[in-house]
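Read through the structure below, which is laid out as structure tokens, and then see the notes.
Order of the sequence lines sets the chain letters (A, B, ...), proteins ahead of strands, with each chain counted from 1.
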Number of protein chains: 2
Amino acid sequence: MSDRKDANEVTADDVAQAAGVSRWTVNRAFKPNASISAKSRQTVMEAAEKLGYAPNLLAASLASDRSNLVALLVDDFSNPHKLVMMERLTRVLRKNGWDTLLVNMLDKDDAPGALLSASQRRVDAAILIGVQFDDDVLSAALGARRVKKLIIFARNSENPDTISISVDDHAAMTEIADYVMGRDYQRPFFLAGPQTKSAHLTRQEAFVARWQEHRGMTPEVADVPSYDPGMAYSAIIDRLSERQPDAFPDVIVCENDALAIGAMDALRHHFNLRIPEDVAVTGFDDVPAAANPNYRITTYRQPITRMAERLVTLLSGELEQTENQQFLGQMVIRNSA
Amino acid sequence: MSDRKDANEVTADDVAQAAGVSRWTVNRAFKPNASISAKSRQTVMEAAEKLGYAPNLLAASLASDRSNLVALLVDDFSNPHKLVMMERLTRVLRKNGWDTLLVNMLDKDDAPGALLSASQRRVDAAILIGVQFDDDVLSAALGARRVKKLIIFARNSENPDTISISVDDHAAMTEIADYVMGRDYQRPFFLAGPQTKSAHLTRQEAFVARWQEHRGMTPEVADVPSYDPGMAYSAIIDRLSERQPDAFPDVIVCENDALAIGAMDALRHHFNLRIPEDVAVTGFDDVPAAANPNYRITTYRQPITRMAERLVTLLSGELEQTENQQFLGQMVIRNSA
DNA sequence: ATCACATTTGCTCGCGCGTGCAAAAAATCT
DNA sequence: AGATTTTTTGCACGCGCGAGCAAATGTGAT
């Protein structure tokens, strides 16, 4: 079948012929810093335009062993913050010439499969923006040299073979703790996300440590099996029902906004409490819903765009750095605390 | 540089040698319905396992002109429903052996660029789940044979070169209209999304038509420049401020939940109205937030998974069908109306 | 054991482009 | 103008695999 010719699959050879140059000159015309004269580049581009040619990135990747493709591994679509991260990441990546393979980690045990998918497409890097990445899984993936680079985005990792780009959780949570103490709350309650092996609970630890240091008492802590408002809602109800008023927390510090939203819903609609008059709440991430009039969450905004830009420099290999990258974000004071 | 060998890039040839068969037998072992004996498949798989081999999909795509890759073009990350769609689509696609290239359409004029990106990776199909796809853009893309298939997901399109997979908007909205009339609301207000050329406003038209038919009057209509709760919030305030109580709508029918959320926030927090006692609200999509205790939106759930499954059969070429696919969803009655 | 037929295996050629170097052309200098 | 340097262009080879066919092997009936 001459299907390809029929289907108008124009190759560099066709353009070369039309422009009266060699195929290599054609491909050079499409390569930003190639050694080519302005004149022939223009000739080529005109011919290419006319024929509707665009380089086949499959062939280019195969030949060069660089794909300019990264895999985005996501395992947690219930957290609205993921949408924000995906938007920012794909935007910054695309602006810098990178394409994104979105890989849905179907369940907890799918990490190897997801990594395999990515590696079969020969991605230059895998970026993890999920939560349930086990150190074992990561090491296995790296051991088999499944992917060239593994980057944990917006989350800390202490795995030495991995680079993480994240906010400085310790500094951020200390700031939140200080703010809460400054408002003179007395009975804090920390609502954490899933307790995994890989994600070290820096936020929780930082908050607890700060509180102990200044108030000499250990805040109460509870965890939720996933960063899902619905789960947080149930967790709060389970944990705080049948509690005497004087044992009820006066501020709930949440590991992120997804949890904060669930907590606020539970406080208002199940316990009939006012926020922040009866109980205050803080979040983390500054998701879009945090700004809406229902919630108005006092939270902490991560500099996602800057983090994504750092990611790009890291991908380009400009940064030889293999140590984790930490960023400072900023507190956003609203009405919930 | 012998970088590749160093990097442990094991190819089918290596496995073939280890297993004592030819390279083609190795590749056949990885192809589900290939002509190969069970015995040699096992031999191959064991050798492959030991060497850590997995087929290079880049090379396979190049040679076969099929990539098993689809591009997901998204231009509207502010609507939380997109997260749901992405999760379902990537899940179903991956289960069926398809990978997903996530392409962020950076702005209104980026459609050609996004399509180009996709085509350079030789995707087998481009799936549009955004909103601002202009018919002109689509035609241009198809005219240049940029992509083999163009599929509009969860949205109608009347472009003849395009296949859309969507819910039957007319039936759905008629059902909502009947529900609203059954509850005896008198002054409906329809809140629509962006008015584009390509997206025919089936929901709005269906609602208006139904209302006219049964009540002999034309509902008031307003539109919002994007499916963003924040925009809907402002739009409602702009449109309904300084209006006499008897001219105020008693039900706001929204084109989707993103708008409904914004509308509810505005009604409650700006106008100090109760929902549904003072004003009722309906949505569409049944996003996760629609179920949370703050909103409890009466809405309409699209059968996204079934739609995604249809998409897969369409991609596999099992369906020769080129006409649009319509699905029926189901109304979800909650408290907002 | 022989033949007819079905199943399995091997192989040639090509997919479209990049790498690294050598040849050609252009620019600069004496 | 001729010699030298710099820029630009062309090319052999390979990236890893698939289509389609030919050779080899296996199966069952006679």
Original post:
Looking for any heavy atom pair under 4.0 Å, which part of the strands does A/Ser37 touch: base, sugar-phosphate only, or nothing?
Top reply: sugar-phosphate

- request: Answer yes or no: is there an ion pair linking B/Asp99 with B/Arg94, defined by an N-O contact shorter than 4.0 Å?
  value: no

What I want to find out is whether A/Glu87 reaches A/Arg91 closely enough, with some N-O distance under 4.0 Å, to be called a salt bridge. yes

Looking only at C/dC17, D/dG18, D/dT9, the nucleotide nearest the B/Ala60 side chain is D/dG18

Contacts of B/Arg122 meeting salt bridge (Lys or Arg N to Asp or Glu O under 4.0 Å) (sequence neighbours excluded), chain-then-number -> A/Glu9

Measure from the side-chain N and O atoms of B/Asp124 to the backbone N and O of B/Ser67, and report whether any donor-acceptor pair falls under 3.5 Å.
yes

query = Are OP1 or OP2 of D/dC15 and a side-chain N or O of B/Thr11 less than 4.0 angstrom apart?
reply = no

*Hey, is the side chain of A/Ser64 poking within less than 4.0 Å of OP1 or OP2 on C/dG18, counting only N and O atoms?*
no

Taking for B/Arg41 and for B/Arg122 the nucleotide of DNA chain C with the nearest heavy atom, the one nearer the 5' end belongs to B/Arg41

Taken to the nearest whole Å, CD1/A/Ile36 to C1'/D/dT6 is 17 Å

**OP:** Decide yes or no, distance alone: a donor-acceptor N/O pair under 3.5 angstrom between the base of C/dG18 and the side-chain of A/Arg23.
**Re:** yes

B/Arg121 CZ to C/dG16 P, in whole Å, measures 17 Å

Between CD of A/Glu9 and P of C/dG16 the distance, given in whole Å, is 7 Å

Rounded to whole Å, the CG-C1' distance (B/Asn56 to C/dG16) equals 14 Å

note: A/Asp13, atom CG; C/dG18, atom P; distance rounded to Å ~ 12 Å

**OP:** Assess whether side chain to side chain donor-acceptor pair (under 3.5 Å) is satisfied between A/Ser40 and A/Thr43, documenting all intermediate values.
**Re:** CA-CA 5 Å; A/Ser40 47; A/Thr43 316; over 6 Å; no

Rounded to whole Å, CG of A/Leu57 lies from P of C/dC15 at a distance of 19 Å

What one should report as the nearest heavy-atom pair of B/Ala118 and B/Leu101 is CA-CD2, 4.3 Å

Problem - Side-chain (B/Lys149) to main-chain (B/Leu314) donor-acceptor, under 3.5 angstrom - result: yes

Result for 5'-nearest mapping on DNA chain C, choosing between B/Ser40 and A/Leu58, is B/Ser40

Between NZ of A/Lys39 and C1' of C/dA27 the distance, given in whole Å, is 14 Å

Note: contacts of residues 26-33 of chain B with DNA chain C (heavy atom, under 4.0 Å) are B/Arg28

To the nearest angstrom, the CG-C1' distance between B/Asp14 and D/dC17 comes to 13 Å

Out of C/dG10, C/dG16, D/dC17, minimum distance to the side chain of B/Pro55 belongs to D/dC17

Self-check item: Side-chain-base donor-acceptor pair under 3.5 Å for A/Trp24 and C/dT19
Solution: yes

